[in-house]
Amino acid sequence: MSQRWSRKKSRLPLAGLLFMLALAVTFMVLYNERSIQQIHLHHNTNREQDLPQTSTFTSFVHPNLPPRNNLEVLDRYSRCNSTNEYSGKKIGWVDQMSGQRSDFVAAAAKEEICDVFSGKWVFDNSSSSYPLHKESDCPYMSDQLACQKHGRPDLEYQHWRWQPHPPCNFKRWNVTEMWEMLRGKRLMFVGDSLNRGQWISMVCLLQSVIPRDKQSMSPNAHLTIFRAEDYNATVEFLWAPLLVESNSDDPVNHRLDERIIRPDSVLKHASKWQHADILIFNTYLWWRQGPVKIQWSSEEKGSCEEVNGAEGMEMAMNAWAHWISNNVDPNTKRVFFVTMSPTHQWSREWNPGSEGNCYGEKKPIEDETYWGSGSDIPTMRMVERVLRGLGPKVSVINITQLSEYRKDGHPSVYRKFWEPLNDDRLKNPASYSDCIHWCVPGVPDVWNQLLFQFL
Ligand SMILES: *[C@@H]1O[C@H](CO)[C@@H](O)[C@H](O)[C@H]1NC(C)=O
Ligand SMILES: *[C@@H]1O[C@H](CO)[C@@H](O)[C@H](O)[C@H]1NC(C)=O
Ligand SMILES: *[C@@H]1O[C@H](CO)[C@@H](O)[C@H](O)[C@H]1NC(C)=O
Ligand SMILES: *[C@@H]1O[C@H](CO)[C@@H](O)[C@H](O)[C@H]1NC(C)=O
Ligand SMILES: *[C@@H]1O[C@H](CO)[C@@H](O)[C@H](O)[C@H]1NC(C)=O
């Protein structure tokens, strides 16, 4: 299946890939500026071959079907009354606007010759520059991310600065400049709780310069909106952890054993995100929790098929890509995809022989080749293929490697937990440590600086 994507980018190890990338860049700088932009947006040395061609799918479903009246919206009460084997149906898409590819981000091309995602963390206690904002100054902080408030004794985690390898540099965060870029615009984050963390970091970074009576936050809902009156701008978060319609679309009440998705329906969420000017998407961890049930819109109510998480994610990414390819003009709308956020659940991965997790970690990992087992490489390749097919319509914010180093950046026990903790657990802090989300201020601030860099 999916012949279009069967030519994998490369089986070379990363170092070889980067070397080839460097060579290719040196070579192409002389010839073709447009190719350079594309290479750097997608880290791709082989783009021409992978442009979408006429579809060869046989069982091919177009997402975005208009909602049918008899089709119930999936919610936490949805069930499968029968589950069949996967029929092999795929989500396919062809880039409808490929003829209109423009000289997108010409101005940014120079910066993107650098790989700002590759570098190291530098402890920065010398100036008052880090952290970029104070936890207690932000009225919108989440109790799940406010590590200092919840008693974290070591605060060094707030003082690490990301330093891309020379000659690359990192544009200094400038809140006024960021607001000027957002003037009259809607910036929207769409995804899961990791993306929500990045949104909270962004709101906290931005709100400090807006007088309290000129800013507002709508109540926490499916779509939560921060408004800055004088800039006529919003910074929004849309809960859509699986991107496509699912039974987990309630932002609060979504703890389910059975995940059901409708991979041919992104419309439910897309209707909320379609008017945003700048979109930041993510999805990953929700696909890592076992099999996923599918309800195709064309099937009888309650009849499901089952796939594994990676297959489910690929379908969702393709449905999303279909929407992007048909609805995004890169001259008027900017779209970013944030790669997988790493977890630090097993300390043996960076400290062989140990049996803990991120609990008690106070320093980043220094081994630049470190890559944890939670960041699935086949999934990364799949994401790359999908993004590459979208050309200049999507830019990647590749947070994975740089966040891999930050075993010290998670809340561990220093956050509010939803369930009360019994004595057994309290005696063993590692057992309930959160090694998935990130303290704010902290790592997500750097993800936002990367975004600032590319806007
Ligand atoms: C960094 O600076 C803060 C505040 O100035 C101080 O409390 C902290 O001990 C310093 N940390 C290190 C490792 O020097
Ligand atoms: C931040 O950006 C504004 C507007 O572009 C500029 O006037 C100001 O000098 C910048 N501040 C710093 C510290 O670079
Ligand atoms: C505010 O921004 C919206 C777009 O987000 C635009 O339609 C509207 O005209 C703007 N209003 C003002 C007063 O500039
Ligand atoms: C599946 O279950 C729902 C209620 O749970 C029912 O309304 C529906 O008719 C069932 N569909 C089939 C095909 O049995
Ligand atoms: C992100 O960066 C890693 C290396 O740090 C690379 O292996 C991966 O392919 C990149 N992902 C994307 C989508 O560009």
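Residues: numbered from 1 along the sequence shown. Atoms within a ligand are numbered from 1 in the order they appear, just like the ligands themselves. Hydrogens, waters and symmetry mates are skipped; everything else that's a heavy atom, side chains included, is used.
Within 4.0 Å of ligand 3, the residues that place a heavy atom are Gly184, Asn232, listed by chain and number.
Within the 6.0 Å centre-distance limit, the rings of Phe454 and Phe117 are counted as a close aromatic pair. The ring of Phe336 has its center no closer than 6.0 angstrom to the ring center of Phe281. His437 has its ring centre no less than 6.0 Å from the ring centre of His410. In this structure, Trp286 has its ring center under 6.0 Å from that of Trp239.
A cation-pi geometry, defined here as NZ or CZ lying under 6.0 Å from the six-membered ring centre and within 45° of its normal, does not hold between Lys120 and Tyr405.
Close approach of ligand 5 to Gln401 is summarised as follows: ligand atoms under 4.0 Å from at least one heavy atom of the residue are 5 (O).
Taking only nitrogen or oxygen atoms, main chain and side chain alike, Thr176 does not reach within less than 3.5 Å of ligand 2. The N/O atoms of Asn398, backbone and side chain alike, include one that comes under 3.5 Å of an N/O atom in ligand 5. Distances between N or O atoms of Arg381 and those of ligand 5 include at least one value under 3.5 Å.
Of the residues Glu404, Glu366, Glu361, the one that meets the side chain to side chain donor-acceptor pair (under 3.5 Å) test with Trp350 is Glu361.
Looking only at atom types and distance, the side chain of Trp438 has a donor-acceptor partner in the side chain of Ser341 under 3.5 Å away.
Of all the heavy atoms in Lys393 and Val328, the pair that sits closest is CE-O, 3.4 Å.
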